[in-house]
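Only heavy atoms go into these numbers, but all of them, side chains included; no hydrogens, no water, no symmetry mates. Order of the sequence lines fixes the chain letters, A, B, ..., with proteins taken first and strands second; residue numbering starts at 1 for each chain. Model, not experiment: these values are computed from the prediction.
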Amino acid sequence: MTTSAERPSDFIRDIVAEDVRTGKYKQIRTRFPPEPNGYLHIGHAKSICLNFGIAREFAGICNIRMDDTNPAKEEAEYVRSIMTDVHWLIDGWADNHLGGAPFFASDYFPKFYEYAVDLVRAGKAYVCDMTPEETDAYRRLGKASGFRDRSIEENLDLFAQMKSGEFPDGARTLRAKIDVNAANVWLRDPVLYRIRHASHHRTGDKWCIYPMYDWAHTLSDYIEGITHSICTLEFEVHRPLYNWILDALELPEPRPHQYEFARLNLTYAVVSKRKLVQLVNEKLVNDWDDPRMLTITGLRRRGVTASALRTFAYNIGITKYPSLTDMALLEHTLRDEFNRIATRRLVVLRPIKVVLTNYPEGKIEELDAINNPEDPNAGTRKIPFGRKLYIDSDDFMETPPPKYFRLRPGGEVRLKYGYIIKCDEVLKDAAGNVIELRCTVDLESKSGGPTAGRKIKGTIHWVSAAHAIDAEGRLYDRLFTVPEPDAAGDFKSFINPNSLEVVNAKCEPALGDANPEKRYQFERLGYFALDPDSTPERQIWNRTVTLREPGQK
RNA sequence: UACCCCGUGGUGUAACGGUAACACAGCGCCCUUUGGAGGCGUUAUUCUUGGUUCGAAUCCAAGCGGGGUAGCCA
């Protein structure tokens with residue numbers, strides 16, 4: 001069974017456990033450091049579960065830190081959405097390990113600047129006047145900048161002028177003086193500060209020099225007392241620079257250490273902020289919270305629960321191998337949880353009318369139905385039954401294939417919790433579409449009745465026409481038609497044209513007081529959740545995931 | 001091209017020098033008033049070649065394959 005174990009095992013947790021054992025740190029402290037330039041997605045969820053998971057397993061703390069060092073890209077709106085999503089995901093699980101209010105790298109700008117001055121004083125950084133193109137070219141050639149050997153006094157003076165706004169954007173940078181010939185290009189005198197006369201979402205126009213990722217991130221970790229700085233694989237080559245910064249500043253122990261793991265890839269999906277932005281901007285989906293998006297907000301709207309997402313994160317594990325996880329594993333995780341908790345209801349998605357010709361006009365019966373066969377405490381409810389019903393058009397075929405167990409002309413089927421019916425007549429419109437089935441009921445076959453035990457292969461769901469509640473059903477499918485949409489060519493050309501189907505559903509009356517927090521199984525169809533756009537007059541149901549379907553349908 | 005990292009069934013992971021396991025997916029059977037769930041069974045794995053060792057998925061080397069980096073983005 002796939003349930004969330006208390007202590008997952010992976011190479012990072014092994015390291016943390018060892019550090020705890022040796023008493024290397026007083027307390028374990030991790031961090032989740034998003035840049036507020038977009039919405040969080042399922043890959044971030046993996047990282048959040050890792051960092052907060054470690055905090056809760058080792059009695060530690062996890063900080064949320066906005067890595068807001070690039071004023072051109074970042075917005076307060078993203079800060080808000082990030083906090084909403086993280087809180088939702090860790091609520092009741094690791095929220096008591098959260099390091100207080102969100103931290104902001106921008107709050108450390110003054111400290112970053114002081115450290116930079118220290119670095120210059122130590123002769124380990126210099127102001128460089130080369131253009132970005134020249135810098136690139138020199139770096140590629142392993143050639144030293146002509147400004148590399150400026151005096152400390154001149155560097156100090158120039159850096160102060162950079163800060164006070166004496167120079168235009170891009171005119172100068174502060175660079176670390178490391179090794180222009182290093183095999184690792186990130187050690188070839190990396191840029192630490194650049195000039196950007198731009199308004200920052202928090203510091204406004206106070207600064208016109210902004211720290212680069214490596215400088216800001218390393219020092220933020222140090223300032224916050226982070227012990228284990230966990231990031232994705234693309235930062236692996238930055239680790240020597242991370243350590244160089246700590247060494248160059250001669251920062252006292254305890255110091256943070258960086259570890260890297262593989263980001264999440266999923267079949268039939270894209271999981272990268274850049275691509276998700278495109279889907280939104282090019283209107284290929286409705287918005288960031290479109291239920292087809294693997295953003296946390298989209299998943300939430302679709303009906304995915306935080307606990308299921310956490311279980312999924314546990315199931316996929318943590319390694320350094322850049323794997324591709326089967327979307328079926330996510331779907332399995334969802335079904336596994338929902339099967340246990342979902343309230344069962346009868347809903348017809350694509351109705352056909354059925355008239356029971358031998359059932360008395362005006363007669364209504366109340367049938368007993370089980371709310372959740374997996375949970376006896378969920379109890380039962382009554383479902384009204386009458387002469388006119390709706391069944392799903394999928395459950396009737398005029399000329400069915402061999403293994404079709406449902407209704408056919410002259411055939412019998414059992415109505416869940418009700419009677420066995422037989423199809424006598426098929427009525428069609430001028431276009432030849434089936435519009436009504438006229439059936440007869442075996443009046444003794446009701447649950448508990450004399451012929452209730454008759455062996456009938458198929459059981460289908462139904463709704464009383466007189467009592468049905470009309471509702472909108474939004475049936476989602478995977479957003480892409482191929483397992484690896486970004487493997488070759490333009491991923492947007494593989495968008496599934498049928499990723500959303502809207503239907504007018506007929507729901508049993510018990511759904512009238514449906515709870516948006518609850519999960520429902522529409523029997524034989526799938527798991528559904530109420531969309532926030534629902535109104536008291538009209539419900540909108542999002543299909544989170546279908547029931548598992550056998551090979552062919 | 002250079003540097004770094006990673007290679008365990010179809011997929012995701014475990015095994016921490018002692019003879020490969022769990023989950024997903026697939027297939028078959030049983031059960032079923034959800035073609036769901038559940039039960040039982042089953043297919044299938046250590047990239048290659050050397051080396052170290054009594055013993056290697058595990059340690060070493062080379063090769064092959066995959067990924068990452070080479071922004072004044074993060």
Side-chain angles (χ1 to χ4, degrees), chain A residues 1-2 8-11 14 33-35 37 67-70 72-74 128 130-133 135-136 139-140 142 169-175 182-188 190-196 209-210 212-214 216-217 231-240 260 262-263 267 273-274 315-333 335-336 339-340 344 346 369-370 373-374 403-406 413-418 420 445 447 452-461 483 521-527 546-553:
Chain A
M1 205 73 279
T2 49
S9 169
D10 55 64
F11 74 98
D14 287 348
E35 181 186 14
N37 68 343
D67 211 351
D68 55 350
T69 57
N70 184 354
K73 295 185 171 182
E74 295 142 10
C128 179
M130 292 201 296
T131 64
E133 296 72 28
T135 309
D136 271 9
R139 208 188 330 251
R140 267 181 241 281
D169 285 3
R172 287 184 160 92
T173 56
L174 182 74
R175 290 230 254 163
N184 180 338
V185 293
W186 284 101
L187 261 20
R188 319 249 266 222
V191 171
L192 265 22
Y193 270 92
R194 75 296 210 177
I195 300 171
R196 287 283 177 277
I209 55 172
Y210 290 93
M212 295 290 290
Y213 165 80
D214 296 284
H217 196 261
C231 58
T232 43
L233 253 25
E234 66 267 32
F235 295 103
E236 209 159 21
V237 289
H238 291 242
R239 183 160 19 103
E260 310 87 14
R263 67 188 323 139
T267 57
K273 220 186 264 182
R274 208 193 98 248
N315 285 341
I316 58 177
I318 298 291
T319 67
K320 300 188 77 160
Y321 179 74
S323 56
L324 178 63
T325 297
D326 194 337
M327 181 67 87
L329 184 57
L330 175 60
E331 294 173 351
H332 162 79
T333 307
R335 292 186 185 113
D336 190 51
N339 177 53
R340 280 179 272 120
R344 270 60 170 179
L346 262 33
I370 295 164
E374 305 291 322
K403 290 246 177 172
Y404 191 80
F405 300 156
R406 293 160 274 171
V413 77
R414 186 189 300 276
L415 297 175
K416 178 86 177 175
Y417 299 124
I420 295 168
S445 66
S447 299
R454 282 173 57 202
K455 288 294 176 194
I456 298 292
K457 283 192 294 282
T459 299
I460 64 171
H461 57 278
Q521 184 198 99
F522 293 177
E523 293 217 35
R524 304 209 306 129
L525 298 172
Y527 296 100
T546 62
L547 253 34
R548 187 160 170 265
E549 296 168 61
Q552 85 280 74
K553 191 194 164 191

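As judged by a 4.0 angstrom heavy-atom cut-off over every strand, Gly317(A) is placed among residues making no nucleic acid contact. Arg344(A) comes within 4.0 angstrom of a nucleotide base, judged by non-hydrogen atoms across all strands. Within 4.0 Å (heavy atoms only), Glu35(A) reaches sugar-phosphate atoms of the nucleic acid but no base atom. As judged by a 4.0 angstrom heavy-atom cut-off over every strand, Met327(A) is placed among residues making no nucleic acid contact. If you check every strand for non-hydrogen atoms under 4.0 Å, Arg548(A) touches sugar and phosphate atoms only. Arg335(A) comes within 4.0 angstrom of no nucleic acid atom, judged by non-hydrogen atoms across all strands. Here Asn339(A) lies in heavy-atom contact (under 4.0 Å) with a base. Heavy atoms of Glu331(A) sit nowhere under 4.0 angstrom from any nucleic acid atom. Base engagement by Leu547(A) is indicated by at least one non-hydrogen atom pair under 4.0 Å involving a base atom. Across all strands shown, Phe11(A) has no heavy atoms under 4.0 Å from either base or sugar-phosphate atoms. Within 4.0 Å (heavy atoms only), Ile195(A) reaches no atom of the nucleic acid at all. No contact: Asp169(A) has no heavy atom under 4.0 Å from any strand. Contact annotation for Gly526(A): no contact, since no heavy-atom pair falls under 4.0 Å across all strands. Within 4.0 Å (heavy atoms only), Thr267(A) reaches no atom of the nucleic acid at all.
For Ser9(A), no side-chain nitrogen or oxygen approaches OP1 or OP2 of rA14(B) to under 4.0 Å. In terms of phosphate contacts, Ser323(A) brings a side-chain nitrogen or oxygen within less than 4.0 Å of OP1 or OP2 of rU13(B). Contact annotation: Arg414(A) does not reach the phosphate of rU34(B) (side-chain N/O to OP1 or OP2, under 4.0 Å). In terms of phosphate contacts, Arg524(A) brings a side-chain nitrogen or oxygen within less than 4.0 Å of OP1 or OP2 of rG35(B). Remark: Thr319(A) is in phosphate contact with rU13(B), judged by side-chain N or O atoms under 4.0 Å from OP1 or OP2.
Environment of CZ in Arg196(A): crowded, with over 12 heavy atoms of neighbouring residues, nucleotides or ligands closer than 6.0 Å.
Each of rC3(B), rC24(B), rG36(B) was ranked by its minimum atom distance to the side chain of Glu374(A); first place goes to rG36(B). With rC16(B), rC5(B), rG12(B) as the candidates, the nucleotide lying closest to the side chain of Lys320(A) is rC5(B). With distances taken from any side-chain atom of Phe405(A) to the nucleotides rC3(B), rG35(B), rC24(B), the minimum falls on rG35(B). Taking only side-chain atoms of Asn70(A), from C-beta outward, the nucleotide of rC72(B), rA74(B), rG35(B) with the closest atom is rA74(B). Checking rA74(B), rC72(B), rG36(B) against every side-chain atom of Pro373(A), the shortest atom distance belongs to rG36(B). Considering only side-chain atoms of Arg194(A), the nucleotide from rC72(B), rA14(B), rA25(B) that sits closest is rC72(B).
Judged by atom type and distance alone, Arg406(A) reaches the base of rG35(B) through a side-chain donor-acceptor pair under 3.5 Å. Judged by distance alone, with hydrogens and angles left aside, Ser447(A) brings a side-chain donor or acceptor within reach of the base of rU33(B), the pair sitting under 3.5 Å.
For rG65(B), the paired base is rC6(B) (Watson-Crick or G-U wobble, both distances below 3.5 Å). In this structure, rG26(B) and rU42(B) make a Watson-Crick or G-U wobble pair, each of the two defining distances being under 3.5 angstrom. Base pairing of rC16(B): no nucleotide in any strand meets the Watson-Crick or G-U wobble criterion (both distances under 3.5 Å). Across the strands present, rG55(B) finds no partner; the criterion is a Watson-Crick or G-U wobble pair with both atom distances under 3.5 angstrom. Under the Watson-Crick or G-U wobble criterion, with both distances below 3.5 Å, rU1(B) is paired with rA70(B).
Using a 90° window around 0 for the glycosidic torsion, rG71(B) falls inside it and is classed as syn.
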Practice problem: Determine, for nucleotides 64-69 of chain B in 5'-to-3' order, which nucleotides have protein heavy atoms under 4.0 Å from the base (write B), from only the sugar-phosphate (write S), or from neither (write -). | Solution: ----BS
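When the P atom is compared between rA15(B) and rC73(B), the two are found 41 Å apart, to the nearest whole Å. Straight-line distance between the P atoms of rC22(B) and rA14(B): roughly 15 Å, to the nearest whole Å.
Nearer to the 5' terminus of RNA chain B, by closest-nucleotide assignment, is the contact made by Tyr404(A) (compared with the other of Asp136(A) and Tyr404(A)). Nearer to the 5' terminus of RNA chain B, by closest-nucleotide assignment, is the contact made by Leu324(A) (compared with the other of Leu324(A) and Lys455(A)).
To the nearest angstrom, P of rU33(B) lies 16 Å from CG of Leu346(A). Counting to the nearest Å, the P atom of rA25(B) and the CG atom of Asp326(A) are 9 Å from each other. Between the P atom of rC73(B) and the CG atom of Asn37(A) lies a distance of 13 Å, rounded to the nearest Å. Here rU13(B) presents its C1' atom at 14 Å from CG of Asp14(A), a figure rounded to the nearest Å. With rounding to whole Å, Arg263(A) atom CZ is found 16 Å from rG12(B) atom P.
Using cut-offs of 30° and 60° for the angle between ring planes, the Trp186(A) and His238(A) rings count as tilted.
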